[in-house]
Engineer: 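Quick one: this structure, given as structure tokens, is what I'll be asking you about.
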Amino acid sequence: MNASTASPLIELRSVVKVYNSLAGSVTALNGIDLKITQGEFLVVTGKSGSGKTTLVNVITGLDRATSGEIWIDGAPLHRFGSEKAARLRGKIMGVVFQSFELLPTLTVLQNVMLPMDFARRSSTWKQRKRALKLLEQVDIADHAKKLPTALSGGQQQRLSIARAMANDPAILVADEPTGSLDSATATAVIDIFEGLVQQGRTVFMVTHDKDIAKRGSRTITLSDGEIVYSENKAFTTEVTEPTEIIKRASLCSLW
Ligand code: ADP
Ligand code: MG
């Protein structure tokens with residue numbers, strides 16, 4: 001299945017996630033039905049504890065749903081074990097985690113090269129070149145040789161965004177990717193995401209920020225693990241200058 005077919009790139013059917021612990025059970029997702037088509041910029045909003053991160057975890061296969069079905073580009077993710085899910089994720093997705101999940105013993109540059117190494121798509125020299133370019137785009141190339149702990153929170157967030165884009169993923173999943181950024185940097189990051197969408201990539205982004213949420217092509221709101229609101233805008237992206245388009249287009253053709 002690919003972009004030319006009408007089927008959704010991501011489809012969730014009656015997805016439920018219950019966390020069981022000694023303290024009792026929490027229903028974090030309570031019957032989510034959702035179809036996302038290729039090229040959508042889907043924004044997920046909702047209060048703290050509404051289930052946003054849980055939704056990210058089940059869509060990326062980092063955690064298993066308790067029941068329901070999750071189809072990713074025609075593949076039944078809900079039936080996959082963690083290794084198979086990791087392979088699918090590596091092939092098709094880039095993930096920006098709310099807590100960054102950077103590897104502390106690798107340099108900034110190596111953190112970005114690691115997913116490329118796993119995918120084994122190119123020589124180390126090419127990986128290095130692309131990683132540096134991605135770091136330039138998020139404005140932290142000067143810190144390439146440092147360890148992630150030497151970076152500020154905002155810089156670590158930008159590093160996690162560069163890493164998520166390492167393998168030029170068809171789907172970018174980002175959990176509060178602008179949470180630690182000042183508004184100018186946050187806008188720059190959303191510009192990057194919009195550029196990806198213009199190139200036919202699909203973005204699934206969780207955010208608290210109302211202004212950032214407006215930049216999506218569709219917004220859904222979660223409350224107590226349910227979709228309580230959905231707004232589908234006509235897909236129009238304002239581009240002020242032609243140079244912007246060129247800058248954005250160059251993002252996705254780095255190889
Ligand atoms: P959000 O990202 O919208 O803040 P989460 O998906 O993190 O929400 O959490 C949804 C609900 O699930 C919350 O009530 C939270 O406390 C609970 N929860 C999340 N992760 C776990 C876990 N690992 N174990 C138990 N409960 C959890
Ligand atoms: Mg969260």
Side-chain angles (χ1 to χ4, degrees), residues 10-36 40-72 77-78 80-83 85-86 89 93-102 148 152-161 163-164 169 171-183 185-186 189-190 193 202-216 218-231:
I10 301 173
E11 182 168 7
L12 279 73
R13 296 185 195 148
S14 311
V15 169
V16 170
K17 175 68 186 180
V18 180
Y19 292 108
N20 288 306
S21 68
L22 291 174
S25 68
V26 176
T27 303
L29 298 176
N30 193 11
I32 301 285
D33 291 301
L34 183 63
K35 287 182 188 176
I36 306 169
E40 271 198 273
F41 187 166
L42 183 82
V43 174
V44 181
T45 63
K47 288 188 186 134
S48 183
S50 58
K52 305 181 298 296
T53 295
T54 305
L55 188 58
V56 163
N57 289 344
V58 299
I59 278 184
T60 53
L62 287 156
D63 200 0
R64 289 190 79 152
T66 308
S67 63
E69 296 180 9
I70 300 166
W71 296 85
I72 307 288
L77 181 62
H78 53 286
F80 290 2
S82 58
E83 266 179 44
R89 190 165 55 243
M93 288 182 197
V95 189
V96 181
F97 299 96
Q98 191 167 10
S99 47
F100 313 145
E101 310 291 340
L102 301 167
S152 71
Q155 288 167 335
Q156 290 187 24
Q157 186 146 50
R158 283 184 266 162
L159 169 54
S160 76
I161 291 162
R163 183 188 55 185
I171 306 169
L172 187 85
V173 182
D175 195 357
E176 313 253 10
T178 60
S180 309
L181 305 179
D182 60 81
S183 69
T185 316
V189 164
I190 303 305
F193 289 1
T202 304
V203 175
F204 179 101
M205 180 180 75
V206 171
T207 186
H208 260 110
D209 188 310
K210 289 209 164 60
D211 288 330
I212 297 272
K214 283 184 199 145
R215 305 275 300 267
R218 176 154 62 121
T219 307
I220 62 167
T221 305
L222 291 184
S223 177
D224 293 330
E226 292 179 23
I227 297 175
V228 291
Y229 176 78
S230 176
E231 184 192 1

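Each ligand, and each atom within it, is numbered from 1 in the order the structure gives. Please read these numbers as outputs of a predicted model, since none were measured by experiment.
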Engineer: Is there a side-chain contact between T54 and D63, using heavy atoms and a 4.5 Å cut-off?
Structural biologist: no
Engineer: List the protein residues in contact with ligand 1, where contact means a heavy-atom separation under 4.0 angstrom.
Structural biologist: Y19, V26, A28, K47, S48, G49, S50, G51, K52, T53, T54
Engineer: Rounded at 0.5 Å granularity, tell me how far CD in Q98 sits from NZ in K52.
Structural biologist: 7.5 Å
Engineer: Is E69 reaching over with its side chain to a backbone N or O of S14, donor-acceptor style, under 3.5 angstrom?
Structural biologist: no
Engineer: Just verifying a value: how many Å separate T219 OG1 and Y229 OH, rounded to the nearest 0.5 Å?
Structural biologist: 7.0 Å
Engineer: Is any protein N, O or S atom closer than 2.8 Å to the Mg ion (ligand 2), and if so, which?
Structural biologist: T53 OG1, Q98 OE1
Engineer: Does a side chain donor of either S223 or S50 reach within less than 3.5 Å of an acceptor in the other side chain?
Structural biologist: no
Engineer: If you measure from CG on D224 to CG on N30, what distance do you get to the nearest 0.5 Å?
Structural biologist: 8.5 Å
Engineer: So, taking the atom named CG in L55 and the one named CD1 in I227, what distance separates them when rounded to the nearest 0.5 Å?
Structural biologist: 7.0 Å
Engineer: So, taking the atom named CD1 in I72 and the one named CD in E11, what distance separates them when rounded to the nearest 0.5 Å?
Structural biologist: 10.0 Å
Engineer: About how many Å separate CG of L172 and CZ of F41, when rounded to the nearest 0.5 Å?
Structural biologist: 9.0 Å
